Amino acid sequence: ASPPWHLRASRPSPPLPKGAAPVSHPAVAVTKPSSLERMLERIDTLDAATLASLAQRLGRERGLFERVFNVLQEGVLVVDADGGIAYANSAAHRLLGLRASDGPAPALWRLVPGLRGLLAPALESGTGLTREIELSYPEPRAVRLYLVPFAAPVAALDLASVVEARRFAVVLTDITRDKLDTDQRIESERVASIVLLAAGVAHELGNPLNSLTIHLQVVERKLRKLRG
C-alpha cells in the first residue's frame with residue numbers, strides 16, 4: 001500500500017565548508033491524497049458493500065460537479081483529438097444547438113465546420129489555444145474559444161492515461177454583446193468623425209463664400225450709383 005503522504009524527492013545537500021553556518025531551507029512540499037484516492041488505490045481489495053458505498057459517493061460527487069458546471073455561463077466541453085464530445089454542460093448545449101434527446105453528440109467538427117483546421121496546430125502539438133469564431137447555428141453568435149489539453153501524469157504509461165492525455169477542455173464564451181457594443185461604438189465614432197469633418201469643411205467653405213457675398217454687395221452698390 002502506498003504511504004499516506006507523498007514527498008517530492010530532493011537532492012542531498014553538499015557538505016558545508018569548515019566553519020560555515022548552516023543555511024535554513026524551506027520545508028519540503030508534500031501532498032496528501034484524499035480518502036477517495038486512497039480507496040481507489042486499493043479497489044481490488046474492497047468488498048461488495050464498500051464498493052457499493054464508493055459507487056454512491058462517486059455518483060454524488062459527479063452530480064455535484066455537473067450542477068456546478070451547468071450553472072456556468074460559459075460553455076464547457078471535453079473533446080478528443082478527433083472532435084468527439086465526451087462531455088458538454090448546459091451552456092455548451094445552448095451555444096451549439098445540442099439537445100440531450102438527440103442521443104450521442106456529433107463530432108465538434110460537424111457542429112462548427114472549419115474549426116478542425118483552425119485548431120489543428122494545437123491538437124497536434126498538445127498546446128493551448130485561444131481564438132474568436134463565428135457561429136451560425138442555432139443563431140449567429142460571436143464566441144471566444146479557449147482550448148487546453150489535459151495533463152497526464154508524468155510517469156503514466158497505461159492506456160487509460162494515454163487516452164486521457166489526448167483529451168482537451170474547450171471553454172466557449174459568448175462575446176456577441178461585447179462585439180455588438182464594440183461595433184456600435186466604432187460606428188458612432190465613425191459618424192462623429194464624419195460630422196466633425198463636414199463641419200470643418202463647411203466652415204472652410206463658409207469663409208470665402210461670405211467674402212464673395214460682401215464683395216458682390218459692394219459691386220452692386222457701385223453699379224446702382226453709376227446707373228443713377
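Counting from 1, the numbers follow the sequence of the chain as shown. It should be emphasised that the depicted structure is a prediction, and the values quoted were computed from it without experimental measurement.
Considering all non-hydrogen atoms of both residues, Gly128 and Ala122 come closest at O-CB, 4.5 Å. Of all heavy-atom pairs spanning Asn89 and Glu74, the tightest one is ND2-O, 3.0 Å.
Between Arg99 atom CZ and His93 atom NE2 the span is 11.0 Å, to the nearest 0.5 Å. Taking CZ from Arg221 and CZ from Arg224, the interatomic distance works out to 8.5 Å, rounded to the nearest 0.5 Å. Taking CZ of Phe168 as the reference point, atom OH of Tyr146 lies at 12.0 Å (rounded to 0.5 Å). To the nearest 0.5 Å, atoms CG (Leu145) and CG (Leu77) are separated by 8.5 Å. Remark: Tyr137 OH to Leu95 CG distance equals 13.0 Å, nearest 0.5 Å. In this structure, CG on Leu180 lies 12.5 Å from CD on Glu187, to the nearest 0.5 angstrom.
Between His215 and Thr213, the closest side-chain pair of non-hydrogen atoms is not below 4.5 Å. Glu132 has its side chain within reach of Ile175: a pair of non-hydrogen atoms, C-beta onward, lies under 4.5 Å apart. You'll find the side chain of Val71 stays beyond 4.5 Å of the side chain of Arg67, heavy atoms only. A heavy-atom distance below 4.5 Å is not found between the side chains of Arg144 and Leu172. At least one side-chain heavy atom of Phe150 sits less than 4.5 Å from a side-chain heavy atom of Val78. Between Leu98 and Pro106 the shortest side-chain heavy-atom distance falls below 4.5 Å. Between Leu115 and Leu108 the shortest side-chain heavy-atom distance falls below 4.5 Å. You'll find the side chain of Arg60 stays beyond 4.5 Å of the side chain of Arg62, heavy atoms only.
For the 3.5 Å distance criterion, the side chains of Asp47 and Thr50 qualify, holding a donor opposite an acceptor.
Side-chain atoms of Asp174 do not come within 3.5 Å of backbone N or O of Val143 as any donor-acceptor pair. Looking only at distances, a side-chain donor or acceptor of Ser193 sits under 3.5 Å from a matching main-chain atom of Glu189. When atom types are taken as modelled, the side chain of Thr176 and the backbone of Ala142 share a donor-acceptor pair closer than 3.5 angstrom. Using a distance-only test at 3.5 Å, with no hydrogens or angles considered, no donor-acceptor pair links the side chain of Trp109 to the main chain of Gly114. Of the possible donor and acceptor atoms, one in the side chain of Asn70 sits under 3.5 Å from a partner among the backbone N and O of Ser90.
A salt bridge between Arg166 and Asp80 is absent, with no side-chain N of the basic residue lying under 4.0 Å from a carboxylate O of the acidic one. The pair Lys222-Glu220 does not count as a salt bridge, with every side-chain nitrogen at least 4.0 angstrom from each carboxylate oxygen.
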Residues Val171, Leu147; criterion side-chain contact (heavy atoms from CB on, under 4.5 Å); working and verdict: CA-CA 7 Å; Val171 180; Leu147 177 140; over 6 Å; no
Check against side-chain contact (heavy atoms from CB on, under 4.5 Å), Leu111 and Ile85: CA-CA 11 Å; Leu111 296 172; Ile85 299 176; 3.9 Å; yes
Assess the residue pair Arg141 and Lys179 against the criterion (side-chain contact (heavy atoms from CB on, under 4.5 Å)); give the C-alpha distance rounded to whole Å, side-chain angles, the decisive distance to 0.1 Å, and a yes or no. CA-CA 9 Å; Arg141 294 180 187 273; Lys179 293 280 286 186; over 6 Å; no
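Taking a 6.0 Å sphere around CD of Gln73, one finds it holds 12 or fewer heavy atoms contributed by other residues, nucleotides or ligands.
Transitive grouping of hydrophobic side chains (ILVMFWY, heavy atoms separated by less than 4.5 Å) brings Leu129 and Val79 into a common cluster. Residue Val148 is not grouped with residue Leu119 when hydrophobic side chains (ILVMFWY) are merged at heavy-atom distances under 4.5 angstrom, including chains of intermediate members. Connection of Leu96 to Leu118 is established within a shared hydrophobic cluster, with ILVMFWY side chains joined at heavy-atom distances below 4.5 Å, either directly or through further cluster members.
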